[in-house]
Amino acid sequence: MKKSGTIIGLLLALGIAAIALALAFSSPGSADPTGASYVLPTGSETITDVATTANKAYYGANFTWIMITGFMVFFFQCGFAMVETGFCRGKNAAHTMTMNFMVFLVGAIGYFLCGFAFQFGGSGGAAGLGTGGGALNSMLSIPGLGGILGYKGFLLSGDGIYDPGIYALFFFQMVFMDTTVTIPTGAVAERVKYSAVVITSFFISMFLYPLFGNWVWGGGWLSTLGKNFGLGHGVVDFAGSAVVHSMGGMLALAGAIVIGPRIGKFKKDGTTRAFPGHDIPMAIIGTIILFFCWFSFNAGSTLNSSDFRLSVVATNTMVAGAIGGLVAMFYMWIKYGKPDPSMTANGALAGLVAITAPCAFVNAASAFIIGLIAGLLVCVSVAFVENKLKLDDPVGAISVHCVNGLWGVLSLGLFADGSYGDGLNGVAGGVTGLLYGDASQFAAQLIAVIVLFVWGFGVSFVFFKVLDKIWGLRVSPEAELVGLDIPEMGIAAYPDLQLIKSELDFDSADNAAIKQLARFKTR
């Protein structure tokens with residue numbers, strides 16, 4: 001004790017001596033603690049010089065904002081990978097985790113090849129990212145309706161495309177698209193072919209997502225329903241409840257229907273078996289990562305760092321996500337006696353999905369209501385999808401993204417208060433929902449929901465049916481039962497662990513027949 005006191009005393013003495021020396025030899029005149037000299041006026045600046053400096057600062061702030069938020073949205077991949085893998089069984093962990101990484105690689109290239117051109121090739125770019133976006137000036141349109149796809153910017157090439165503003169827009173929009181590519185993997189996990197997901201990811205990134213994205217965000221016909229037909233501001237979706245989440249949810253719904261349930265999920269008497277996730281802490285950490293990145297997902301969608309509405313967006317995001325998780329937790333606690341961790345996580349995600357479309361157009365009280373309803377919806381929907389529709393969705397992707405994505409689209413048409421959005425989609429005045437006096441905006445949002453079912457679900461269902469027929473969506477029953485890590489990936493996620501087998505790892509005479517397995521019995 002005495003020795004420790006001596007050492008501490010010496011350290012204090014040395015610290016006091018260092019401070020004294022610093023004070024003695026410091027030269028305040030040679031420093032610039034306020035940063036006043038960073039921009040040194042000469043007194044001869046012209047108004048053009050001042051404007052040039054101001055413009056550089058404006059665009060520099062916007063570029064920094066959009067790139068940093070884009071970097072954070074990319075980190076969604078980590079969150080989704082952890083959530084899905086944690087909710088699945090350990091024998092499929094390497095397959096599920098790698099699948100979530102692979103879809104980014106495929107999605108990035110597919111979007112680079114043609115997806116970006118289809119979505120934004122006729123958009124004119126983003127005003128806050130300079131004038132170079134004007135090179136995105138080629139839109140295929142239907143007279144009397146509006147644009148249906150762009151056709152400039154394939155491989156980020158073409159006249160005027162080699163521009164930092166266009167590259168920034170590509171980067172930001174690419175990571176949004178990749179969220180849609182990731183969502184359906186959870187609904188088909190533990191029985192899907194890895195190769196089938198590769199093909200599906202190209203289809204989504206090159207075709208399915210970009211066209212719908214063009215209609216809403218790229219100057220296409222849904223966005224001009226207001227200007228052309230007097231329906232509010234046209235379809236409005238600030239950060240992607242429709243374009244990203246509902247589209248991903250529709251893919252998840254179609255995929256789950258076509259691929260069929262996991263072996264043993266449903267019994268012959270119609271009851272279901274629970275398939276416990278192997279690592280709930282991993283799933284909770286993934287949810288926290290997603291929650292954190294969602295602030296950039298939504299607030300970054302201003303595409304403009306000087307749009308102070310970004311603070312409203314971020315706060316509404318926090319409120320809706322928090323109440324969604326809280327309501328789901330209490331719902332499960334009251335109904336089943338325990339605060340289910342997985343549904344608490346899905347409740348938070350449901351609130352975040354729902355607020356993504358209206359986050360810029362509503363106040364905090366409305367965000368609270370939107371998130372509260374989302375938390376209830378996801379709990380009711382998960383039970384309905386499993387027990388009534390007899391669909392097997394290991395992670396709840398249909399309920400989180402499809403159901404609550406649609407709720408988010410409609411909630412904008414209800415709760416938008418008119419305080420923001422003047423000039424959006426070429427319509428004067430703020431975006432105003434039904435509860436604040438504009439029924440036409442709600443009508444536009446309803447049209448978006450109809451299109452999502454027709455395009456998002458309908459085209460996805462046909463694609464999955466054709467892919468299943470030609471290539472096959474599902475692994476063999478033997479591979480499914482043993483786990484997909486070794487048969488599909490050639491490596492186990494946990495090679496040093498002896499995974500415990502249960503009745504869920506074997507077929508049983510008590511299991512309901514799965515029609516999608518009939519092809520394997522005839523071989």
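Remember, it's a predicted structure, so these values are computed and weren't measured experimentally. Positions are given from 1 along the sequence.
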Distance-only side-chain donor-acceptor flag, [X] / [Y], under 3.5 Å:
{"X": "N511", "Y": "S508", "result": "no"}
{"X": "E84", "Y": "T96", "result": "no"}
{"X": "S399", "Y": "S381", "result": "yes"}
{"X": "N100", "Y": "Q77", "result": "no"}

Distance-minimising heavy-atom pair for [X] and [Y]:
{"X": "L473", "Y": "D468", "result": "N-OD1, 3.0 Å"}
{"X": "P358", "Y": "I370", "result": "CG-CD1, 3.9 Å"}
{"X": "N404", "Y": "A350", "result": "ND2-CB, 3.4 Å"}
{"X": "V353", "Y": "S241", "result": "O-OG, 2.7 Å"}
{"X": "A416", "Y": "V431", "result": "CB-O, 3.4 Å"}
{"X": "V409", "Y": "S246", "result": "CG2-OG, 4.4 Å"}

Is the centre of the [X] ring less than 6.0 Å from the centre of the [Y] ring?
{"X": "F120", "Y": "F116", "answer": "yes"}
{"X": "F71", "Y": "F75", "answer": "no"}
{"X": "H278", "Y": "Y494", "answer": "yes"}
{"X": "F207", "Y": "W455", "answer": "yes"}
{"X": "F170", "Y": "Y111", "answer": "yes"}

Could you give the distance from [atom1] ([X]) to [atom2] ([Y]), rounded to the nearest 0.5 Å?
{"X": "L352", "Y": "C293", "atom1": "CG", "atom2": "SG", "result": "11.0 Å"}
{"X": "L446", "Y": "Q441", "atom1": "CG", "atom2": "CD", "result": "10.5 Å"}
{"X": "C379", "Y": "M332", "atom1": "SG", "atom2": "CE", "result": "6.0 Å"}
{"X": "L310", "Y": "T302", "atom1": "CG", "atom2": "OG1", "result": "5.5 Å"}

Working for ring pair (Phe, Tyr, Trp, His ring centres under 6.0 Å), residues F104 and F74: CA-CA 9 Å; F104 163 74; F74 165 74; 4.9 Å; yes
Donor-acceptor contact below 3.5 Å, side chain K267 vs main chain G264: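 No, K267 side chain to G264 backbone: no donor-acceptor pair under 3.5 Å.
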Are [X] and [Y] packed together at the side-chain level, in the sense that at least one heavy-atom pair is separated by less than 4.5 angstrom?
{"X": "L481", "Y": "I263", "value": "yes"}
{"X": "S460", "Y": "L208", "value": "yes"}
{"X": "V103", "Y": "T185", "value": "yes"}
{"X": "D417", "Y": "V362", "value": "no"}
{"X": "F266", "Y": "T271", "value": "no"}
{"X": "F87", "Y": "S342", "value": "yes"}
{"X": "F442", "Y": "L231", "value": "no"}
{"X": "F238", "Y": "N298", "value": "no"}

Counterpart residues, ring pair (Phe, Tyr, Trp, His ring centres under 6.0 Å), relative to Y420 (two or more places apart):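 Listed in chain order: F361.
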Pairing residues for F292 by the ring pair (Phe, Tyr, Trp, His ring centres under 6.0 Å) criterion, not counting sequence neighbours: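 Residues passing ring pair (Phe, Tyr, Trp, His ring centres under 6.0 Å) with F292: none at all.
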By salt bridge (charged side-chain N to carboxylate O under 4.0 Å, His left out) - contacts of R262 (at least two apart):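 Expected list: E190, D392.
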Would you find more than 12 non-hydrogen atoms of other residues, nucleotides or ligands less than 6.0 Å from [X] atom [atom1]?
{"X": "F112", "atom1": "CZ", "value": "yes"}
{"X": "F368", "atom1": "CZ", "value": "no"}
{"X": "M206", "atom1": "CE", "value": "yes"}
{"X": "L145", "atom1": "CG", "value": "yes"}

Step-by-step side chain to side chain contact (heavy atoms under 4.5 Å, CB included) determination, W217 to D237: CA-CA 8 Å; W217 286 345; D237 181 11; 4.1 Å; yes
Working for side chain to side chain contact (heavy atoms under 4.5 Å, CB included), residues I142 and W221: CA-CA 9 Å; I142 296 177; W221 69 277; over 6 Å; no
Ion pair check, R273 and D510, cut-off under 4.0 Å: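 Judged by the 4.0 Å cut-off on N to carboxylate O distance, R273 and D510 do form a salt bridge.
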Salt bridge K335-D340, side-chain N to carboxylate O under 4.0 Å: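 Salt bridge absent between K335 and D340.
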Sole candidate of W471, F202, F203 that passes ring pair (Phe, Tyr, Trp, His ring centres under 6.0 Å) when paired with F463: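 The passing option is F203.
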Mutual orientation of the aromatic rings belonging to F76 and W294 [parallel < 30°, tilted 30-60°, perpendicular > 60°]: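 The arrangement is tilted - the two ring planes meet at 30° to 60°.
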Mutual orientation of the aromatic rings belonging to H245 and F297 [parallel < 30°, tilted 30-60°, perpendicular > 60°]: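 Ring orientation, 0 to 90° scale: tilted.
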Stepwise side chain to side chain contact (heavy atoms under 4.5 Å, CB included) test for V192 and V475: CA-CA 6 Å; V192 69; V475 299; over 6 Å; no
Verdict with supporting geometry, L434 and D438, side chain to side chain contact (heavy atoms under 4.5 Å, CB included): CA-CA 5 Å; L434 178 64; D438 188 359; over 6 Å; no
Single hit among R474, R191, K91 for side chain to side chain donor-acceptor pair (under 3.5 Å) with E480: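 Testing E480 for a side chain to side chain donor-acceptor pair (under 3.5 Å) against R474, R191, K91 leaves exactly one candidate, R474.
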